[in-house]
Amino acid sequence: MFCYNCGCHLSEHDFCTSCGADVSLYKKVIRVSNMYYNEGLEKAGVRDLSGAIVSLRQSLKFNKDNIKARNLLGLVYYEMGEVVTALSQWVISKNMQPEKNIADEYIERLQSNSGRLDSINQTIKKYNRALAQCSQGNKDLAVIQLKKVLSLNPKFVHARQLLALLYMERAEWERAERELRRCMDIDRNNLQTMRYLKEVEQTLMPDDGEKQIVKRKKEEAVRYQSDNELIIQPLNVKEPGRSGVSTVLNLAIGLVIGLAVMYFLVMPAAQSRAKNEAQETITKISNESDAKTVRIQELESQISGLETDVSELNTQIDGFVGEDGTLQIIESLLQAAAGYVKNGDVVAAATALEAVSEKVNMEQMTEGFQQLYGAVFEKIGPDLATEYYNTGNDAYRAGNYPEAIEALTRAVNYDAANMEALYLLAQSYNSNGNKTEAIAAYDKVIELFPGTQRARSSQQARDKLAADN
């Protein structure tokens, strides 16, 4: 442990032996931070990741420079599938301790695997898309997106919890339980997972049937001992007579009773059993049909999503290699630069540059593109401004003011410091009857070139135009 004031190693005393600072409270804070770190380490060892996060955050509250706690917090987030949060913790740790920090190894492992980084990016996009689809009511599409997320990042606990919640809403309790069990395998004491799992278990738990109490009737009989034998004689039973007519009558009655029992008891039971079997068969076929219908819907949704992805990729490709794509625009700029270097034709180079600037937003282009464009523009600007000034001057003297305005505007655009071109543009506007544009041009001459003859002439012409208005 080192002194917070001078950085020297602290002894067992409550003061720094080097600078004399009181470090008793500082030592307590460091001990509490280390205690929470050890607690988080123990919880992480038994896969209580949520509890480990709480303990490690407490450790960092007491000592934000606890590098071990911050690195372990990043590992816990990574194990829960939250790679971006884990990476942010490791970057902070690296900035606090640039040398001999294991966070360098963690960051290097992620950055060296470009496929893994792309997978993480896709995971975040698809998870956010699933959340948006849930808010819009497209639950089936959200399930498909979450399955894609989990195929890319199986340890993403939040994605599994959301998928389980969607299964619960669709009353697919077994699937919800399976996803929640997988969440428990990753993070054993996650409060949200335990709350969902309790709801699922209460739904899946069968009700206890009421026990039926069967009462046996008491046998009414007379029991007596005869020598070594026990004789049981039922009461109210008369010994049948020996008459043949009564025997036949008893047989007929028994036959009738048997037929009645078969008609009223056996046949309905058989019919009921046959109906139940038929109903079970129908239910099974219906369930299989529903499952196949849902599977078909999922596949159709996947096809739709893939078609959308293909359309987006085609759009991006067109943006690069299409007629007005990035590659074509870069090619136009390179041809303009090559033509100027080879032939020295400033007009052709300027026309090419203007065509390029109309097709792109210069702020969105790369730094190299902007530097090349600016270098060519600066190279041809003065010569081009002089040429446009001469053209505009000739047109002005010939009384062709619209052509003069067009040429002089280009001259000013290519060389803003050309006082003669700006003054002659103001005069052209004035002669053409464009008073508002003329006043604006005169004001610019007065502002940019104060104290010159052109500024005084511009002030006189402006005052005259203002007085006429």
Side-chain angles (χ1 to χ4, degrees), residues 39-57 72-86 116 119-120 122-135 138-209 283-284 287-288 290-299 301-302 305:
E39 182 180 288
L41 184 60
E42 292 177 358
K43 291 180 178 179
V46 295
R47 300 203 69 83
D48 181 10
L49 303 185
S50 299
I53 289 175
V54 174
S55 299
L56 293 172
R57 283 180 174 176
L72 180 58
L73 181 60
L75 286 175
V76 173
Y77 277 127
Y78 184 84
E79 185 64 18
M80 294 180 68
E82 301 183 21
V83 182
V84 176
T85 308
R116 176 60 176 162
S119 176
I120 293 170
Q122 293 297 325
T123 300
I124 296 171
K125 288 182 179 179
K126 292 182 183 297
Y127 178 71
N128 292 333
R129 192 180 301 170
L131 288 175
Q133 289 170 345
C134 286
S135 62
N138 300 325
K139 305 298 177 59
D140 293 337
L141 295 178
V143 170
I144 293 173
Q145 289 295 333
L146 290 173
K147 287 182 178 179
K148 292 181 181 178
V149 170
L150 294 176
S151 66
L152 297 173
N153 189 359
K155 293 184 178 181
F156 199 172
V157 175
H158 289 315
R160 287 200 182 277
Q161 289 175 343
L162 181 57
L163 180 59
L165 189 62
L166 292 174
Y167 281 146
M168 291 167 64
E169 184 179 7
R170 291 161 55 171
E172 297 180 8
W173 304 103
E174 291 80 5
R175 290 187 176 182
E177 183 182 19
R178 183 166 61 251
E179 295 298 332
L180 293 173
R181 293 295 181 190
R182 291 176 180 173
C183 290
M184 294 290 287
D185 292 339
I186 300 171
D187 184 7
R188 296 187 183 278
N189 291 330
N190 190 291
L191 183 61
Q192 194 74 12
T193 302
M194 297 173 69
R195 185 181 296 118
Y196 291 164
L197 189 58
K198 180 180 179 182
E199 183 71 21
V200 172
E201 288 177 346
Q202 287 178 352
T203 304
L204 293 177
M205 186 180 298
D207 296 333
D208 295 333
T283 302
K284 182 179 179 180
N287 291 335
E288 292 177 354
D290 292 341
K292 291 180 179 179
T293 301
V294 172
R295 180 58 178 166
I296 291 172
Q297 291 177 352
E298 291 178 355
L299 293 175
S301 300
Q302 290 179 3

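All of these numbers come straight from a predicted model, not from anything done at the bench. Only heavy atoms go into these numbers, but all of them, side chains included; no hydrogens, no water, no symmetry mates.
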A.B. asks: Is any side-chain heavy atom of Leu165 less than 4.5 Å from a side-chain heavy atom of Gln161?
C.D. replies: no
A.B. asks: Starting at CG of Asn190, measure out to SG of Cys183 and round the result to the nearest 0.5 Å.
C.D. replies: 7.0 Å
A.B. asks: For the atom pair CZ (Arg160) and OH (Tyr167), what is the distance rounded to the nearest 0.5 Å?
C.D. replies: 10.0 Å
A.B. asks: Distance check, rounded to the nearest 0.5 Å: Thr203 atom OG1 versus Trp173 atom CH2?
C.D. replies: 4.0 Å
A.B. asks: Could you give the distance from CG (Leu146) to CD (Gln133), rounded to the nearest 0.5 Å?
C.D. replies: 8.5 Å
A.B. asks: Any idea which heavy atoms bring Pro154 and Ile186 closest together, and the distance?
C.D. replies: O-CD1, 3.9 Å
A.B. asks: Using the test salt bridge (Lys or Arg N to Asp or Glu O under 4.0 Å), find all partners of Glu298 that sit at least two apart in sequence or belong to another chain.
C.D. replies: Lys147, Arg295
A.B. asks: Looking at residues at least two apart in the chain, or sitting in another chain, which of them share a side-chain hydrogen bond (donor to acceptor under 3.5 Å, both in side chains) with Gln302?
C.D. replies: none
A.B. asks: Check whether any side-chain heavy atom of Ser50 sits under 4.5 Å from a side-chain heavy atom of Asn189, and report yes or no.
C.D. replies: no
A.B. asks: Applying side chain to side chain contact (heavy atoms under 4.5 Å, CB included), name anything that partners Gln202, two or more places apart in sequence or on another chain.
C.D. replies: Lys198, Glu199
A.B. asks: Side chains of Glu79 and Arg47: does their closest heavy-atom pair fall under 4.5 Å?
C.D. replies: yes
A.B. asks: Heavy atoms only: give me the nearest Val149-Tyr127 pair and the separation to one decimal.
C.D. replies: CG2-N, 3.6 Å
A.B. asks: Apply side-chain hydrogen bond (donor to acceptor under 3.5 Å, both in side chains) to Arg188 and list each qualifying residue two or more places apart in sequence or on a separate chain.
C.D. replies: none
A.B. asks: Residues in side-chain hydrogen bond (donor to acceptor under 3.5 Å, both in side chains) with Lys125, at least two apart?
C.D. replies: none
A.B. asks: To check you understand the geometry: which heavy-atom pair defines the closest contact between Ala176 and Ala164, and what is its length?
C.D. replies: CB-O, 3.6 Å
A.B. asks: Which residues satisfy the side chain to side chain contact (heavy atoms under 4.5 Å, CB included) test with Leu41, sequence neighbours excluded?
C.D. replies: Tyr37, Leu72
A.B. asks: To the nearest 0.5 Å, how far apart are CG in Leu197 and CG in Leu180?
C.D. replies: 5.5 Å
A.B. asks: Considering residues at least two apart in sequence or located in another chain, which fulfil the salt bridge (Lys or Arg N to Asp or Glu O under 4.0 Å) criterion with Arg182?
C.D. replies: Glu179
A.B. asks: Looking at residues at least two apart in the chain, or sitting in another chain, which of them share a salt bridge (Lys or Arg N to Asp or Glu O under 4.0 Å) with Arg170?
C.D. replies: Asp140, Glu172
A.B. asks: Short question: side chain of Asp48, backbone of Gly51 - any donor-acceptor pair under 3.5 Å?
C.D. replies: yes
A.B. asks: Could you tell me which non-hydrogen atom of Gly74 sits nearest to which non-hydrogen atom of Ala86, and how far apart they are?
C.D. replies: O-CB, 3.0 Å
A.B. asks: Just jot down the salt bridge (Lys or Arg N to Asp or Glu O under 4.0 Å) partners of Arg181, sequence neighbours excluded, or say none.
C.D. replies: Glu177, Glu201
A.B. asks: When you compare the side chain of Leu56 with that of Val76, does any pair of heavy atoms fall below 4.5 Å?
C.D. replies: yes
A.B. asks: Please name all residues satisfying side chain to side chain contact (heavy atoms under 4.5 Å, CB included) with Val84, sequence neighbours left out, ordered by chain then number.
C.D. replies: Ile120, Ile124
A.B. asks: Just so I know, are the side chains of Glu82 and Phe156 near enough to count as touching, which here means a heavy-atom distance under 4.5 Å?
C.D. replies: yes
A.B. asks: If you measure from CZ on Arg195 to CG on Leu191, what distance do you get to the nearest 0.5 Å?
C.D. replies: 4.5 Å
A.B. asks: Please enumerate all residues that pass side-chain hydrogen bond (donor to acceptor under 3.5 Å, both in side chains) together with Tyr78, with sequence neighbours excluded.
C.D. replies: none
A.B. asks: Only counting residues at least two apart or in another chain, list the ones meeting side chain to side chain contact (heavy atoms under 4.5 Å, CB included) with Ser55.
C.D. replies: Glu39, Lys43
